[in-house]
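Residue numbers begin at 1 in each chain, while the letters A, B, ... track the order of the sequences.
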Amino acid sequence: MGAGHGHRLHFHGHSVVHRAPAHLKILALLAFVLVVVATPRDWYAAYAVHLAILLGVVAASRVPLGYLLPRMVIEVPFLLFAALIPFIAEGPQVAVALPGGWELSVSEPGLLAAWGLAAKGTLGVLASLTLAATTEPDAVLRGLQRLRMPELLVQIMAFMVRYLDVVTADLGRMLTAMRSRGADPRSPRHWPALARTLGALFVRSYERGERVHLAMLSRGYDGRLPDVEGAR
Amino acid sequence: MHVPDGFLDAPTSVATGVVAAAGVGIALRRARAELDDRTAPMAGLVAAFVFAGQMINFPVGAGTSGHLLGGALAAVLVGPWTGALCISVVLLVQGLFMADGGLTALGTNITLLALISVVVGYGAFVLLRAVLPRSVASVPIAAAGGALVSVPAAAAVFTLLFAIGGTADVATGKVLTAMLGWHTVIGIGEAVVTGLVVSAVVASRPDLVHGARGLAARRPLVTSEAAA
């Protein structure tokens with residue numbers, strides 16, 4: 001477990017947003033996305049306000065937008081779905097002029113729904129990315145603990161986060177080995193080989209869990225973790 | 001597959017959040033009964049395994065790709081309660097640490113992908129296992145069957161939620177047809193991979209597979225005396 005303890009999305013910094021207590025950031029994010037989701041689609045000005053608040057927080061965090069924007073590709077499939085809605089939704093049709101003199105007949109409520117989906121989804125993804133970029137995983141876990149998330153659930157999340165890089169690197173090495181022997185893990189033709197790889201990964205992960213548990217017991221584990229409880 | 005913010009309206013999101021919290025609470029208690037103080041490291045490592053498995057993307061055509069969902073797979077390998085718990089933790093970590101799946105949609109995602117797919121997938125698995133011959137070889141086939149129905153089941157419940165709290169008025173019938181059609185195709189891929197993975201684990205460590213408990217051949221200890 002040498003390298004890779006860093007957060008995939010974390011952007012190191014010391015801004016006000018970075019230093020704010022994690023539990024307050026989680027609550028603020030939850031409140032923000034709830035308000036965004038509850039905002040009626042045709043209150044266009046309200047969306048401008050939401051975006052301004054969010055960009056203000058991003059500016060205060062000194063995380064460059066160039067860092068956050070490429071990571072928003074995660075929502076592209078849903079933007080594609082949103083783009084489909086005007087064509088399949090019910091309601092009165094409206095003609096949209098396209099460049100080149102073409103006209104396209106689309107559903108008017110569908111157009112509004114597509115805008116709502118795209119706007120809400122985009123604001124939500126950018127806000128979540130801002131939390132992930134400014135908060136270390138340990139801090140998020142302590143924040144969840146302060147928000148009274150069940151202790152056991154926090155511990156399971158802590159173990160998953162801690163061993164994520166170990167397990168994914170394990171899989172990465174197995175896939176490299178497959179490719180070096182001429183197999184393509186993505187192709188259905190080689191699914192049997194991939195499945196044996198995943199089976200081996202499960203056995204390795206499960207056995208690693210058993211070893212970790214025994215190691216913890218030998219160090220006096222009694223069902224509580226000292227380091228997630230804010231010893232730092 | 002993760003539902004983002006804004007897909008369902010606020011009341012529906014809050015309601016599914018309550019369902020998800022209750023479901024995860026029950027899964028926590030039952031998983032602890034199964035694993036006692038091993039729960040945290042074991043469930044954490046299995047969740048990391050599910051996450052790693054989901055990282056392999058398969059091209060499904062038209063420039064899009066799909067990945068394993070793993071609900072039925074986790075339920076067969078480690079049991080339904082621990083399985084549902086692991087998938088929930090994967091979704092929590094993806095939502096909170098990786099901005100994958102909206103925070104307000106977390107309840108919806110957990111309800112669909114962790115609770116519904118595990119309940120339906122494991123239920124179908126148990127039914128199939130009861131029908132098939134009692135042997136270890138039946139376990140992967142039953143697991144594939146469970147995976148096959150778990151994906152369209154989650155899609156059907158999503159359609160129901162979309163009809164109640166959807167933010168676009170698309171005819172429910174249209175959504176249902178599209179969702180079921182598309183997710184049956186995804187379910188076939190999920191079934192093949194799930195069955196193959198379970199058969200790989202059953203071949204090497206049948207004792208680890210929750211769904212194969214009581215089926216693994218008991219090999220009697222042969223001592224030199226008996227052999228002689």
When A:L194, A:L217, A:L112 are compared by non-hydrogen pairs under 4.5 Å with chain B, the top option: A:L194
Interface moiety of B:R205 toward chain A, non-hydrogen atoms closer than 4.5 Å: side chain
Parallel, tilted or perpendicular: ring planes of A:Y163 versus A:F159, cut at 30 and 60 degrees: parallel
Residue among A:L144, A:L30, A:L152, A:V167 with most heavy-atom pairs under 4.5 Å to chain B: A:L152
Region of A:L201 in contact with chain B, defined by heavy-atom distances below 4.5 Å: both
Exercise: identify the closest heavy-atom pair between B:A72 and B:G121: CB-CA, 4.4 Å
Donor-acceptor contact below 3.5 Å, side chain B:E190 vs main chain B:L68: no
Heavy atoms from other residues, nucleotides or ligands near CZ of A:R146 exceed 12 (cutoff 6.0 Å): no
For A:P40 against A:Y47, the heavy-atom pair lying closest together: O-CE1, 3.4 Å
Step-by-step side-chain contact (heavy atoms from CB on, under 4.5 Å) determination, B:L115 to B:I87: CA-CA 9 Å; B:L115 303 181; B:I87 307 283; over 6 Å; no
Max heavy-atom pair count under 4.5 Å with chain B, selected residue of A:V140, A:I26, A:V212: A:V140
Which portion of A:V161 sits near chain B, non-hydrogen atoms under 4.5 angstrom: side chain
A:K25 side chain vs A:G143 backbone, donor-acceptor pair below 3.5 Å: no
Heavy-atom pair count under 4.5 Å with chain A, highest-scoring of B:S204, B:A200, B:A48: B:A48
Heavy-atom contact with chain A under 4.5 Å, split by part of B:V89: both
Chain A interface, residue from B:A52, B:A10, B:A40 that has the most non-hydrogen pairs under 4.5 Å: B:A40
Contact class of A:M174 relative to chain B, heavy atoms under 4.5 angstrom: neither
Residues of residues 13-28 of chain B within contact distance of chain A, non-hydrogen under 4.5 Å: B:V14, B:V24, B:L28
Region of A:L198 in contact with chain B, defined by heavy-atom distances below 4.5 Å: both
Minimum-distance pair of heavy atoms, taken over all atoms of B:G165 and B:T12: CA-OG1, 3.1 Å
Nearest heavy-atom neighbours spanning B:L91 and B:I110: CD1-CA, 3.7 Å
Short side-chain to backbone donor-acceptor contact, B:D5 and A:K120, under 3.5 Å: no
Heavy-atom proximity to chain A below 4.5 Å, by part of B:V78: side chain
Closest heavy-atom pair and its distance - B:L85, B:A31: CD2-CB, 3.8 Å
Whether A:Y44 and A:W115 hold their rings parallel, tilted or perpendicular, with breakpoints at 30° and 60°: tilted
A:E210 versus chain B, the contacting section by heavy-atom distance below 4.5 Å: both
Between B:T39, B:D9, B:V46, the one whose heavy-atom pairs under 4.5 Å with chain A are most numerous: B:T39
Short N-O contact, A:R186 and A:D184, less than 4.0 angstrom: no
Contact origin within A:P150 toward chain B - heavy atom pairs under 4.5 Å: side chain
